[in-house]
Amino acid sequence: MSRASIFDLLHQRQVVSEPVEAPVAIRSDYLPDRLRIIDGLALTAAGFIRSGEIPEPATPELSSALYGADGYRLLVHRVGDAMSVNEPRLGRLDAKALRVHQLIQTVVIEALMMLEVLPEESHFDLLLSAPFRSREAADIVQSRLRDAIAETQYGACLGEVRLAPEGADPHATLAVGEQGGMPYVLWVGADSLINDSDVGSLRYRDLLTPTSRGGGLYPGEAVAALLRSG
């Protein structure tokens, strides 16, 4: 009887490794069992962005009022056809808040139309995310937003209108208080960097794109709305 060679013995000792499954990335910043997004939309310089509707990217346009350090007018992504509002007190308090108010008023009706998918007479809270420098400016924008909704068929279903804390975790931001809340939340967020203060900040950090050379950021603005259930 022949003895097994060393190569036969090595073959017998070989261990077939099991295939290693690639780790599945799990987002820790969004928990689907706590935040269920029903619908959403955004208004940018390119136009409205909705489910199944994404416009072509917008080309930046020359600002009529903002200039770079090189003395040339800046290229910006500005939302066209924003709603005109008559709020002189808000304008005196904060020109940026006035522009944010215009963006919110422009999108509010489109945002309310998302409520049509809900059961009839479903109540909702409205959460507002926007950079206000003064409490008075924030109060004016919130009040006008409530007034605009009150004039629609959804006015009777509106619960609380509140301002979201800046930079908070979305789960904490959308959580209801001890007094409870409505079963649905309409979350509206808006911002505009097309103003002297924000442009100055971008220029200080060397992030701005002057007209005379490429590379950098174009100041822009946008407003978005998300409808979610609790």
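No hydrogens, no waters, no symmetry mates; every other heavy atom, side chains included, goes into these values. Bear in mind the structure is a predicted one, so any value in this text is a computation, not a measurement.
For the pair Glu221 (side chain) and Ile194 (backbone), a donor-acceptor distance under 3.5 Å is absent. Side chain of Thr209 to main chain of Leu217: a donor-acceptor pair is present (N/O by atom type, distance under 3.5 Å, no hydrogens or angles). Not one N or O on the side chain of Asp39 forms a donor-acceptor pair closer than 3.5 Å with the backbone of Leu227.
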| Between Leu193 and Val199, is a side chain to side chain contact (heavy atoms under 4.5 Å, CB included) present by the stated rule, with each step listed? | CA-CA 7 Å; Leu193 300 182; Val199 165; over 6 Å; no
| request: In sequence, state the C-alpha distance, the side-chain angles, and the governing distance for Leu186 and Leu158, and then conclude on side chain to side chain contact (heavy atoms under 4.5 Å, CB included). | output: CA-CA 10 Å; Leu186 185 59; Leu158 176 62; over 6 Å; no
| Ile104 and Leu128: side chain to side chain contact (heavy atoms under 4.5 Å, CB included), yes or no, with the steps? | CA-CA 9 Å; Ile104 293 170; Leu128 179 62; 3.5 Å; yes
| request: Test side chain to side chain contact (heavy atoms under 4.5 Å, CB included) on Glu136 and Leu90 and set out the steps. | output: CA-CA 8 Å; Glu136 186 177 355; Leu90 183 58; over 6 Å; no
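Rounding to the nearest 0.5 angstrom, the gap separating the OH atom in Tyr154 from the CG atom in Leu118 is 8.0 Å. Note that the CZ atom of Arg228 and the CE atom of Met114 stand 13.0 Å from one another [nearest 0.5 Å]. Between the CD atom in Gln142 and the CG atom in Leu163 there is a gap of 5.0 Å [rounded to 0.5 Å]. To the nearest 0.5 angstrom, Leu43 atom CG is 7.0 Å from Thr106 atom OG1. Here OG of Ser192 is found 10.5 Å from CG of Leu98. Values are rounded to the nearest 0.5 Å.
The minimum heavy-atom distance between Trp187 and Ser129, with the atom names listed, is NE1-OG, 2.7 Å. Taking both residues in full, the closest heavy atoms of Ala225 and Ala111 are given as CB-CB, 3.7 Å, listed atom of the first, atom of the second, then distance.
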Check: residues 71-84 side-chain donor-acceptor pairs under 3.5 Å, at least two apart:
none

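Residue pairs meeting the ring pair (Phe, Tyr, Trp, His ring centres under 6.0 Å) criterion with at least one partner in residues 101-131, sequence neighbours excluded, are absent.
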